[in-house]
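First listed ligand is number 1; within each ligand, the first listed atom is number 1.
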Amino acid sequence: MTTRILFVCLGNICRSPSAEGVFRALAAEAGLEVETDSAGTSDWHVGNPPYAPMQAAAKARGFDLSDLRARQFTARDFEAFDLIIGMDDSNVGSIERLRPAGSQTPVQIFTDFTSETGMDHVPDPYYTRDFDQTLDLVQAASLGLIARLS
Ligand code: 4NP
């Protein structure tokens, strides 16, 4: 059975496209049947590719994000996905405000899937400029999520 997973951040140009790009590559290597997408809680970057410095950092680790384009998260995503993953508490709050009555779709923070990093969220590299920290966290969390789904 295919598991449909949506990664969500604020702009959908740094953290959630990195999460999608890293997770889809590692899940394919692991032979998992998944469908992935990512979205932003804002509409600020709709239609744009991932932020160039984020793409460059990902490419340096062998992850190609160039096909991804930003879109905004909507209430319909609660139906379209089996699992929704935010990057921080603020994302989860914005996601939950759109939850349709009766929807049971789980919403989690990506770092919940790993205990190795000591972090309870993925800091926003658009502000910290630490694109490698983002990749360290999404790689560790992706492996944790893959272990959970396997
Ligand atoms: P993201 O980072 O939520 O990881 O995509 C951001 C990207 C852009 C902005 C904020 C956060 N912005 O203010 O434009």
Side-chain angles (χ1 to χ4, degrees), residues 3-29 32 34-100 103 105-146 148-149:
T3 308
R4 303 164 301 168
I5 302 172
L6 179 66
F7 299 95
V8 179
C9 64
L10 175 59
N12 195 205
I13 56 168
C14 291
R15 292 167 295 172
S16 60
S18 299
E20 182 185 2
V22 168
F23 177 77
R24 73 181 174 183
L26 298 180
E29 272 175 28
L32 276 186
V34 290
E35 271 176 34
T36 58
D37 195 7
S38 67
T41 58
S42 76
D43 65 359
W44 302 337
H45 298 282
V46 168
N48 291 346
Y51 190 46
M54 188 74 254
Q55 282 203 56
K59 189 133 202 214
R61 296 188 186 201
F63 299 106
D64 183 3
L65 310 182
S66 63
D67 62 310
L68 303 175
R69 293 295 178 271
R71 72 166 177 92
Q72 188 169 24
F73 179 79
T74 77
R76 288 187 299 280
D77 289 316
F78 282 94
E79 273 275 339
F81 293 92
D82 302 305
L83 174 61
I84 299 172
I85 298 177
M87 301 297 133
D88 60 30
D89 276 334
S90 170
N91 302 152
V92 170
S94 301
I95 292 164
E96 289 291 353
R97 276 192 287 282
L98 292 178
R99 182 186 287 279
S103 167
T105 308
V107 176
Q108 287 190 262
I109 292 186
F110 204 15
T111 43
D112 291 349
F113 293 97
T114 176
S115 55
E116 275 172 26
T117 67
M119 295 289 290
D120 63 1
H121 69 290
V122 182
D124 194 335
Y126 195 74
Y127 302 112
T128 67
R129 313 308 293 174
D130 193 345
F131 300 98
D132 279 306
Q133 179 193 44
T134 304
L135 292 165
D136 288 344
L137 291 171
V138 304
Q139 282 183 263
S142 291
L143 293 175
L145 175 55
I146 286 164
R148 196 79 65 90
L149 294 171

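A salt bridge (Lys or Arg N to Asp or Glu O under 4.0 Å) check over residues 38-56, counting only residues at least two apart or in different chains, returns nothing.
Contact of the Trp44 side chain with the Leu10 side chain is registered, since non-hydrogen atoms from C-beta on lie closer than 4.5 Å.
For ligand 1, the 4.0 Å heavy-atom shell contains residues Cys9, Leu10, Gly11, Asn12, Ile13, Cys14, Arg15, Trp44, His45, Asp124, Tyr126, Tyr127.
Taking a cutoff of 4.0 Å between a charged side-chain nitrogen and a carboxylate oxygen, Asp77 and Arg71 qualify as a salt bridge.
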Counting only pairs under 3.5 Å, give me each side-chain donor-acceptor contact of residues 79-88, with atom names and distances, residues two or more places apart or in other chains.
unit_1: Asp82; atom_1: OD1; unit_2: Arg4; atom_2: NH2; d: 3.0
unit_1: Asp82; atom_1: OD2; unit_2: Arg4; atom_2: N; d: 2.7
unit_1: Asp82; atom_1: OD2; unit_2: Arg4; atom_2: NE; d: 3.2
unit_1: Asp88; atom_1: OD1; unit_2: Ser90; atom_2: N; d: 3.1
unit_1: Asp88; atom_1: OD1; unit_2: Asn91; atom_2: N; d: 2.8
unit_1: Asp88; atom_1: OD1; unit_2: Asn91; atom_2: ND2; d: 3.2
unit_1: Asp88; atom_1: OD2; unit_2: Arg15; atom_2: NH1; d: 3.0

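Classified by interplanar angle (parallel below 30°, tilted 30° to 60°, perpendicular above 60°), the ring pair Phe73/Phe78 is perpendicular.
Legend: residues meeting side-chain hydrogen bond (donor to acceptor under 3.5 Å, both in side chains) with Asp67, ordered by chain and number and at least two apart, are Arg24.
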